[in-house]
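Right, one structure below, let's go through it.
Residues take their numbers from the sequence shown, with the count starting at 1.
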Amino acid sequence: MLADWTSPAVVHGDCRRSRTITSPVFVSSISQRPLRYAVLGAGFAGLSVVWHLLKQSPKELHLRIDIYDEAGIGGGASGVSGGLLHPYSPKVKLLWRGAECWKECLNLVNIAEAALGSEESNLEVRESCQTFSEFVVRRRGILRPATNMKTLNLLNDNAQNCLPSCRIEAIDKDAARNLVPDICVPLNTAFYMPDAVNIRPQRYLQGLFLACKNLAKEPASGFGEKELYLHQKSISNLLELEGGYDAVIVCVGAEADTFPELSGKLPLRTCRGIVACMELPDNIRDDYPEHGPSILSDAWLAVQGSRSLLIGSTWEWKSRNMSPYVSIDEASKALDELLPKASAIYPGIKNWRFTRARGGLRAMPPLTSNGSLPLLGCIDDLVGENSSCKYWLFGGLGARGLLYHGCLGNLIAQAVLSCNEHLIPSEFTSWKNINR
């Protein structure tokens with residue numbers, strides 16, 4: 001039976017140290033020292049884990065969390081993602097556990113949005129010189145035109161099984177053009193998801209971090225103080241954290257393979273993606289419709305505003321380039337690939353001006369019968385430590401990290417707090433059985 005993804009963590013203790021079953025809460029209460037966790041990575045995975053550790057931990061627990069990320073909040077691949085959020089595959093089939101993931105992700109988005117909207121949070125954002133006028137979430141839906149007969153029937157069939165909370169409506173060309181006047185609908189059918197949203201990833205992650213800080217500041221009872229620290233520094237190997245923490249949670253995506261303890265031991269493939277940022281020149285009046293949806297096709301268009309959008313994404317398999325910076329040559333090749341795909345559905349993109357490109361390295365998990373599922377679990381056996389359930393992995397979010405990160409961050413937080421890997425459904429730990 002699968003664990004309840006949304007139930008509060010029960011800290012009952014299942015850590016075997018010197019053949020003694022102990023509870024982290026009990027140890028912390030007796031010694032009156034904080035229970036210390038290190039979270040490596042400040043992207044979707046890392047900040048979701050931090051939020052849920054703070055939210056799920058008992059109020060009487062003295063907890064300290066240190067986040068390590070050299071690039072800062074959303075400085076890696078998470079911050080470069082397109083931000084199109086819905087619970088479906090490219091053929092609009094509901095993903096495995098899509099309903100739970102959709103609900104939890106929207107909850108985190110609302111939490112981040114509320115944190116940024118508070119007076120105290122806005123002050124912190126101003127002081128850190130961030131642009132606080134940018135949106136967190138654009139609620140305009142997503143449109144998916146059908147482009148070939150081979151998939152049209154499949155899209156129609158899959159759309160019948162949509163979630164009530166994220167509807168899929170089959171609409172004709174005229175209805176599609178009421179949403180986006182310049183849209184191309186070659187088979188007179190498009191699939192509209194009015195409840196789908198577009199997240200600005202880096203802005204969202206800033207908000208989620210502020211929400212975590214606010215949660216840590218809430219009044220404590222007894223010794224139940226919560227501490228949260230962000231360290232913009234790199235960790236070269238996991239064992240350098242040995243002795244200082246009760247648990248270390250690795251949430252660094254493709255960078256996990258750079259740790260000597262994990263190198264070559266994870267069934268992950270790397271794929272670099274380039275996203276092109278486009279703006280409408282001042283001398284062109286044909287703004288993108290204010291209420292127009294983003295678009296999914298062979299290339300996606302993530303609308304940022306009436307005169308700003310993103311096009312993505314390229315797929316460069318086996319790349320090791322983790323830099324967000326894109327060379328002129330790399331950007332030119334990406335545009336040569338993306339613009340024809342985008343203009344086939346939205347011809348008006350030819351009038352837009354390229355401003356810059358951003359790159360990120362995805363960590364792609366292996367394909368299973370349930371889809372490409374992220375990797376979760378205790379990795380003490382890979383690190384080589386004797387203590388049970390001290391090192392943990394939350395990785396391989398792939399191309400759907402935004403959808404998965406909320407629910408799975410909740411799962412790994414429950415497992416860490418309880419020192420019990422069995423709280424994680426076996427579908428997410430079965431990667432350990434793969435011959436690498």
Sorted by first residue and then second, give each salt bridge (charged side-chain N to carboxylate O under 4.0 Å, His left out) pair with at least one member in [range]; sequence neighbours left out.
range            : value
residues 38-53   : none
residues 267-276 : Arg272-Glu330
residues 105-115 : Glu113-Arg139
residues 251-262 : Asp257-Arg320

At what distance, to the nearest 0.5 angstrom, does [atom1] of [X] lie from [atom2] of [Y]?
X      : Y      : atom1 : atom2 : answer
Leu376 : Leu411 : CG    : CG    : 6.5 Å
Asp69  : Lys233 : CG    : NZ    : 13.0 Å
Ser343 : Ile349 : OG    : CD1   : 8.5 Å
Leu108 : Ile199 : CG    : CD1   : 10.5 Å
Met322 : Leu361 : CE    : CG    : 5.5 Å
Lys93  : Leu95  : NZ    : CG    : 9.0 Å

For [X], all residues meeting side chain to side chain contact (heavy atoms under 4.5 Å, CB included), sequence neighbours excluded:
X      : answer
Asp336 : Ser332
Pro366 : Pro267, Leu375, Ile434
Thr314 : Ile274, Ala334, Glu337, Leu338

State, yes or no, whether a side-chain contact exists between [X] and [Y] at a heavy-atom distance under 4.5 Å.
X      : Y      : answer
Phe259 : Leu40  : yes
Tyr245 : Asp66  : yes
Val39  : Cys251 : yes
Lys55  : Leu215 : yes
Cys162 : Tyr88  : yes
Met364 : Ser372 : no
Glu104 : Ser48  : no
Leu53  : Ile249 : yes

Counting distance only, does the side-chain N/O of [X] pair as donor-acceptor with the main-chain N or O of [Y] below 3.5 Å?
X      : Y      : value
Lys350 : Leu339 : no
Asn158 : Lys91  : yes
Asn198 : Val303 : yes
Tyr391 : Asp381 : no
Asp246 : Arg36  : yes
Ser234 : Glu70  : no
Thr368 : Gly371 : yes

Any residue meeting side-chain hydrogen bond (donor to acceptor under 3.5 Å, both in side chains) with [X], in chain and number order, not counting sequence neighbours:
X      : value
Arg307 : Asp287
Tyr204 : His405
Ser165 : Trp102

Can you tell me if Asn410 and Gln414 form a side-chain donor-acceptor pair at under 3.5 Å?
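Note: Asn410 and Gln414 side chains meet the donor-acceptor criterion.
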
Residue pair Arg138 / Gln304, side-chain donor-acceptor N/O under 3.5 Å:
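Their side chains do not contain a donor-acceptor pair, so the 3.5 Å distance test is not met.
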
Please say whether more than 12 non-hydrogen atoms of neighbouring residues, nucleotides or ligands are located less than 6.0 Å from CZ in Arg353.
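Yes, enclosed.
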
Would the number of heavy atoms belonging to other residues, nucleotides or ligands and lying under 6.0 Å from CD1 of Ile328 be above 12?
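For Ile328, atom CD1 is not crowded (no more than 12 foreign heavy atoms under 6.0 Å).
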
Stepwise side chain to side chain contact (heavy atoms under 4.5 Å, CB included) check, Val50 with Ile67
CA-CA 8 Å; Val50 171; Ile67 306 172; 3.8 Å; yes

Pairing of Asp380 and Lys390 as salt bridge, 4.0 angstrom limit
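Looking at Asp380 and Lys390, the cut-off is not met.
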
One thing to verify: whether Arg140 and Glu290 come together as a salt bridge, which I'm taking to mean a side-chain N less than 4.0 angstrom from a carboxylate O.
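Yes, charged N to carboxylate O under 4.0 Å.
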
Stepwise ring pair (Phe, Tyr, Trp, His ring centres under 6.0 Å) test for Tyr404 and Phe428:
CA-CA 12 Å; Tyr404 281 128; Phe428 296 109; 7.2 Å; no

Leu208/Ile73 under side chain to side chain contact (heavy atoms under 4.5 Å, CB included): CA gap, chis, key distance, verdict
CA-CA 10 Å; Leu208 186 55; Ile73 303 300; over 6 Å; no

Could you tell me which residues satisfy ring pair (Phe, Tyr, Trp, His ring centres under 6.0 Å) with His231, sequence neighbours excluded, listed by chain and number?
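His231: ring pair (Phe, Tyr, Trp, His ring centres under 6.0 Å) contacts with Tyr68.
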
State which residues pass ring pair (Phe, Tyr, Trp, His ring centres under 6.0 Å) with Phe191; sequence neighbours excluded, sorted by chain then number.
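For Phe191, no residue satisfies ring pair (Phe, Tyr, Trp, His ring centres under 6.0 Å) once neighbours in sequence are set aside.
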
Are Phe44 and Leu402 close enough, and set up right, to give a side chain to side chain contact (heavy atoms under 4.5 Å, CB included), and what steps lead you there?
CA-CA 7 Å; Phe44 291 145; Leu402 181 56; 3.8 Å; yes

Run the numbers on His86 and Arg144 for side chain to side chain contact (heavy atoms under 4.5 Å, CB included), then give the verdict.
CA-CA 12 Å; His86 59 87; Arg144 165 74 159 94; over 6 Å; no

